[in-house]
Amino acid sequence: MGGEPTMMAQLNRRRFLIGSAAVVGGVATGYGTRVLGGQSILPEAKAQYPVHRAAHQSFLSGVAIRPDQIETGSGLPSGLLDPYDLIVPEYHGQWSAIEYEPGKRWFDNFDRIVAYAQSRDAMVRGHALIWENMTPNWVRTGLSETGGWSLVHNHFDAMLSRYRDSVPEWVVVNECVDTEDGVDDMRQTSFQRAFGNGYVERAFRTAREMAPNARLMVNEYGLEYDNPVDEARRDALLRLVERLKAANVPLDVVGLQAHLDLSKGRLATKAIAAFCRELAAMDVDIAVTELDVLEHDRSGSIDTRDRRVADEAQAYLDAVLHQPRVRSVATWGLSDRDSWLQERSPSTKSAASCSPVDCTTMNRGLPYDGEFAPKPMASVVDGAILSTRMRIA
Ligand code: XIL
């Protein structure tokens, strides 16, 4: 069982610490002491946090987490998160998690993740300011009313000012491309219907006004495979970035979600490499933001299944990591027991929710299995990150 980080992971951590040793920063929150469960959390975590420099200088190794996973008694073996220097709230940064009801903002969960990251010198990426799927219904309705943009403005203001010095990078717009049912390849969403496709540009400009130093991202899925839909989506994302850059929109980073899927056939490795080159030529950084692998055939031996998952991750990382503008790789979770992919079928869902968890039946698409034992995918991800760091050092 994986009670300790793998050797590669320890090396990663050491390398990161060497790379960021000279960095100082702060988390002046502008909100004074915040209280969580009777304890103030942010002030203690202050001072040594290397946020901005880390974002610019290092190749970051990231993971999405939820607050329950970092609580004492969560079952997470100590040290397992140590190698990660980029933490992404898996769910608790979404608008519907923050402001489910109008005007009542619930920051505690996000705060807890920020405090945890700060206590470990890890950077936090905010995810996501605008994402249709996690937009509260009252916002969806309100956007098309007169003055609807004020909802976006107030939400951005609440998030970007509260986390001004503690969250240096934000997904501003998540999943806005749709080449099948979109309008000019842009997803029909409540934002798009209320403000037209220009909402993306407006969102970035609004975010930049409020967060002059933050690194601002778009983040997109469905870009990996050799099929006409993914090909069209790659193309549509390139055209979007091209339009935004031509209009001087403050876009700094393009996030590639990388939810790999073994039912989708061949990875378009050459096309992915070319796609990354084109993005780089438009002067954006690139981030692999949500790496995981959905299995197709769960009938083989565990070794065979884990090998297939690891090989897919390896092939994908090989294709993108050539590109020096790729500055981070994050997996969408750490252990299979917490993976959103279990929701994809009733059997994997129940395998992850029974006690003890059923590691065999569940989807095995993250670096650690349901009992936190490292799988071949852990070595692939750690190895890819380590070799990239050595190459760029
Ligand atoms: C998923 C989370 O993992 C789930 O917990 C949540 O219920 C739904 O969202 N693309 C994204 C992520 O950008 O925010 C999604 O995360 C996965 C797909």
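Both counts, for ligands and for their atoms, begin at 1 and track the order of listing.
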Contacting atoms of ligand 1, where contact means under 4.0 angstrom from a heavy atom of Gln94: 14 (O)

Close-contact set for ligand 1 against Asn174 heavy atoms, below 4.0 Å: 11 (C), 13 (O)

Around [atom], find the nearest protein heavy atom and jot down its residue, atom name and distance.
{"atom": "atom 15 (C) of ligand 1", "answer": "Trp131 CH2, 3.6 Å"}
{"atom": "atom 5 (O) of ligand 1", "answer": "Glu90 OE2, 3.0 Å"}
{"atom": "atom 14 (O) of ligand 1", "answer": "His127 NE2, 2.9 Å"}
{"atom": "atom 16 (O) of ligand 1", "answer": "Trp332 NE1, 3.1 Å"}

Location of contacts on Tyr221 toward ligand 1, heavy atoms closer than 4.0 Å: neither

Aromatic ring pairing Phe110/Tyr163, orientation class (parallel under 30°, perpendicular over 60°, tilted between): parallel

Ring geometry between Trp95 and Phe191 (parallel below 30°, tilted from 30 to 60°, perpendicular above 60°): tilted

Considering both backbone and side-chain atoms of [X], is one of its nitrogen or oxygen atoms within less than 3.5 Å of a nitrogen or oxygen in ligand 1?
{"X": "Trp340", "result": "no"}
{"X": "Tyr91", "result": "no"}
{"X": "Glu290", "result": "yes"}

Option set Met134, Gln257, Arg66, Glu343, criterion heavy-atom distance to atom 6 (C) of ligand 1, minimum: Met134

Sub-4.0 Å heavy-atom approach of His259 to ligand 1: yes

Min heavy-atom dist Glu175 to ligand 1 below 4.0 Å: yes

Non-hydrogen side-chain atoms of Asn363 and Arg344 separated by less than 4.5 Å: no

Check: Lys375 and Pro367 side chains under 4.5 Å, non-hydrogen atoms: no

Strictly by modelled atom types, are [X] and [Y] linked by a side-chain donor-acceptor pair under 3.5 Å?
{"X": "Glu132", "Y": "Asn174", "result": "no"}
{"X": "Thr179", "Y": "Asp185", "result": "no"}
{"X": "Asp261", "Y": "Ser263", "result": "yes"}

Atom CG of Asn227 with >12 non-hydrogen neighbours under 6.0 angstrom: yes

Lys349 atom NZ, over 12 foreign heavy atoms within 6.0 Å: no

